[in-house]
Amino acid sequence: MSIEPDQLYKIRHSLAHVLAMAVLEVFPEAKLAIGPPVDNGFYYDLDLPRALSPEDLPDIQSRMEKIVAQKLDFTVSEHSIEEALKDFADQPYKKELIEDLAAKGEKTVTYYTSGTFFDLCKGPHLANTSEVPKACFELSHAAGAYWRGDEKRPMLQRIYGICFESRDAVKTYKAQVEEAKKRDHRKLGVELDLFTFSDLVGSGLPLWTPKGNILRLLLDEYVWNLRRGYGYERVEIPHITKKDLYEKSGHWEKFQDELFHITTREGHEFVMKPMNCPHHTQIFARRKWSYREMPQRYSNTTMCYRDEQSGELTGLSRLRSFTQDDAHVFCRYDQAQSEILNVLNIIEQFYGRFGFTLKARLSFHDPENMGAYLGDAATWEKSESELKALVEQKGLDYFVGIGEAAFYGPKIDFMASDSLGRPHQVATVQLDMLMPGRFGLTYTGESGQEEPVLMIHVAIMGSIERFLSVLIEHLAGNFPYWLAPTQIAVLAVSDQFNGAAEELAQKLRTDGLRVVVDTSAESVGKKIRTASLQKIPGKIVVGQQEVDSAKDAEMTFKVNWRTDLAEKYSEGPYTAQNLIQDVPSAV
RNA sequence: GCCCUUGUAGCUCAGUCGGUAGAGCAUUUCCAUGGUAAGGAAAAGGUCACCGGUCCGAUUCCGGUCAAGGGCUCCA
């Protein structure tokens, strides 16, 4: 049943051609761009006389099926550039591709022909469409895409198809997509009442509910608890600044269009901060430092604002206002290693706690393109080999990303794989050999002279919002006991036990648990269902039995734990005191 | 920002070929006093996203704006 990856690639690529053939039946005047295979199928970009709507796809798909059923051969042939330009005279996009190939020194190009259709293509393809497995593909959607990915060039129409090795594999894929939809953080955000958006406030500006804010505060507290052990100190900064700060840092020139601008009544220009590092440099710059006082480690969880293009905003993943769990370490160059090691420890502990698999990307400079970076090659290579040594020392799974460095220094970026195996970029550690210089940051060395400062940018979650979007989907909203916005639901069997339920809840709350009581006029079954749908970790039912247990001692009760916690915690019986002692709920 | 799709009650959705709208859940009240995933009844709840145009009349048709979704482009 299983199919070689090469064969699947050919099936997808060949179906892209079949797709173009089907579209040409409907729109003979269509101009073809490109049609490659992708991870989950294929697509074709075309310039069409009218916009496609979803209703067009079934017709195109059934035409594709008919074409496949014709058992067409794919044959390859070689042609001179001149010939190709003539053959594709009325296909401007193909012509451009041919001209580019010619410019690269190609003398000939290849066509793949299937039936009456031929396309400029380097292959490979199936020998015959009869090799396409039954029901292995499905047109999924149409979307716009710029010609050659350039926003200044025409917008083409892209038709996507999914394609796998068999009908069952297509079904499996669609089931995975469904599963991902169920745990989509935008959906769970509403269902679990974590955050909301308002048209009056604006897009990309999330509002956090009481429950959602508990998550934010606890995650931040957790990061802070990890940091404080390494000598970090918390600082605070205003959310706006004169533009002078960014002129000096160099961000103004590059990013001024993406900033929110404020003009005061006196005509002074301010901006909302898009990042925190320049502010933090000014805290460091307030006085002179001895080498003995280094490093200075400033931690600051704070909101940043970027005027993103409206089309880029999605859920909590990309926002106009977002909270960075930012930290900047100002240190001596000889302190970089131990400081980074500390950060790696924090990252490992933090992500390990949630069951993410981490992979580090060493984001290095591209030696072929030194113009894009500041500083000399020797400094870059030294710091990069140090980063690599550290990552190896920690035994982290890593790969090197050439050309992924920031212009001011190399980075270690972390990718977390979630429970569905999807990678997300999360934490980042960046060496900055540039900004301290721009702001003239120094410390006084042993011999009394001014020494250059190295700055290390660190974000553990990156942004709380984006991390939460990843975490919600990773856990499908089943937050661990310590993090759950509501930890325990106390459910009264009937209204005569409302008092006992309230009393128990109050005891648990006094000790810091987050508890709700359900005293509504509903059946126990209904109360269980409601609490379960809210994914509350523990449920306690209070009725005659529990009240009787309290006759000569403290009330005892059982806790019905959420499925994923049932193995971890005993169901009891507990007293309020035991529950608080035996089940760790602190950060 | 660009292309396409969508916007009806707090949520999920019907519906009106142009004559100002309906269900389930949630909410409120009443009945029931119920032991581990939906007990029963009633009520209330909508400027049909917003603004403009056509029309005797627009939630419905047209245009614009805003917002959401799928892509493209971008991401310090």
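Per chain, numbering begins at 1; letters A, B, ... match sequence-line order.
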Lys/Arg-Asp/Glu bridge criterion (N-O < 4.0 Å) met for [X], [Y]:
{"X": "A:Lys174", "Y": "A:Glu138", "answer": "yes"}
{"X": "A:Arg306", "Y": "A:Glu258", "answer": "no"}
{"X": "A:Glu269", "Y": "A:Lys243", "answer": "yes"}
{"X": "A:Arg183", "Y": "A:Glu179", "answer": "yes"}
{"X": "A:Asp184", "Y": "A:Lys181", "answer": "no"}
{"X": "A:Lys182", "Y": "A:Glu178", "answer": "no"}
{"X": "A:Glu247", "Y": "A:Lys242", "answer": "no"}

Nearest-Å distance, [atom1] ([X]) to [atom2] ([N])?
{"X": "A:Glu191", "N": "B:rA26", "atom1": "CD", "atom2": "C1'", "answer": "13 Å"}
{"X": "A:Phe557", "N": "B:rU36", "atom1": "CZ", "atom2": "P", "answer": "19 Å"}
{"X": "A:Leu156", "N": "B:rC2", "atom1": "CG", "atom2": "P", "answer": "17 Å"}
{"X": "A:Leu188", "N": "B:rC11", "atom1": "CG", "atom2": "C1'", "answer": "14 Å"}
{"X": "A:Asp518", "N": "B:rG35", "atom1": "CG", "atom2": "C1'", "answer": "14 Å"}
{"X": "A:Lys539", "N": "B:rG35", "atom1": "NZ", "atom2": "C1'", "answer": "14 Å"}

Looking at A:Lys248, I want to see if its NZ is surrounded by more than 12 non-hydrogen atoms of other residues, nucleotides or ligands under 6.0 Å. no
CD (A:Glu236) with more than 12 external heavy atoms under 6.0 Å: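 Counting other residues, nucleotides and ligands, CD of A:Glu236 exceeds 12 neighbours.
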Scan nucleotides 44-46 of chain B against the protein and return all N/O pairs shorter than 3.5 Å with their distances rounded to 0.1 Å.
none

For A:Glu546, answer base if it contacts any base atom (sugar-phosphate contacts may also be present), sugar-phosphate if it contacts only those atoms, and nothing otherwise; contact means non-hydrogen atoms under 4.0 Å.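 Base contact - A:Glu546 has a heavy atom under 4.0 Å of at least one base atom.
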Helical stems, RNA chain B - three or more consecutive Watson-Crick or G-U wobble pairs below 3.5 Å: B:1-7 with B:66-72, B:10-13 with B:22-25, B:27-31 with B:39-43, B:49-53 with B:61-65
What class does the angle between the rings of A:His365 and A:Trp380 fall in, given that below 30° is parallel, 30 to 60° is tilted and above 60° is perpendicular?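 If you compare the ring of A:His365 with that of A:Trp380, the planes turn out tilted.
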Could you write out each protein N or O paired with an N or O of nucleotides 5-9 of chain B at a distance under 3.5 Å?
none

Of all residues at least two apart in sequence or in a different chain, which pass the side-chain contact (heavy atoms from CB on, under 4.5 Å) check with A:Asp220?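 side-chain contact (heavy atoms from CB on, under 4.5 Å) list for A:Asp220, sorted by chain: A:Thr301, A:Ile464.
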Is it the case that A:Arg158 places NZ or CZ above or below the six-membered ring of A:Tyr43, under 6.0 angstrom from the centre and within 45 degrees of the axis? yes
Ignoring hydrogens and geometry beyond distance, is a side-chain donor-acceptor pair present between A:Asp326 and A:Asn276 at under 3.5 Å? yes
Protein proximity profile, nucleotides 70-76 of chain B - base contact B, sugar-phosphate-only contact S, no contact -, cut-off 4.0 Å on heavy atoms: BBBBBBB
Return the polar atom pairs (N/O with N/O) between nucleotides 37-43 of chain B and the protein under 3.5 Å, or none.
| unit_1 | atom_1 | unit_2 | atom_2 | d |
| --- | --- | --- | --- | --- |
| B:rA38 | N6 | A:Arg529 | NH2 | 2.7 |
| B:rA38 | N1 | A:Arg529 | NH2 | 3.1 |
| B:rG39 | OP1 | A:Ser523 | OG | 3.1 |
| B:rG39 | OP2 | A:Ser523 | OG | 2.6 |
| B:rG39 | O6 | A:Ala521 | O | 3.2 |

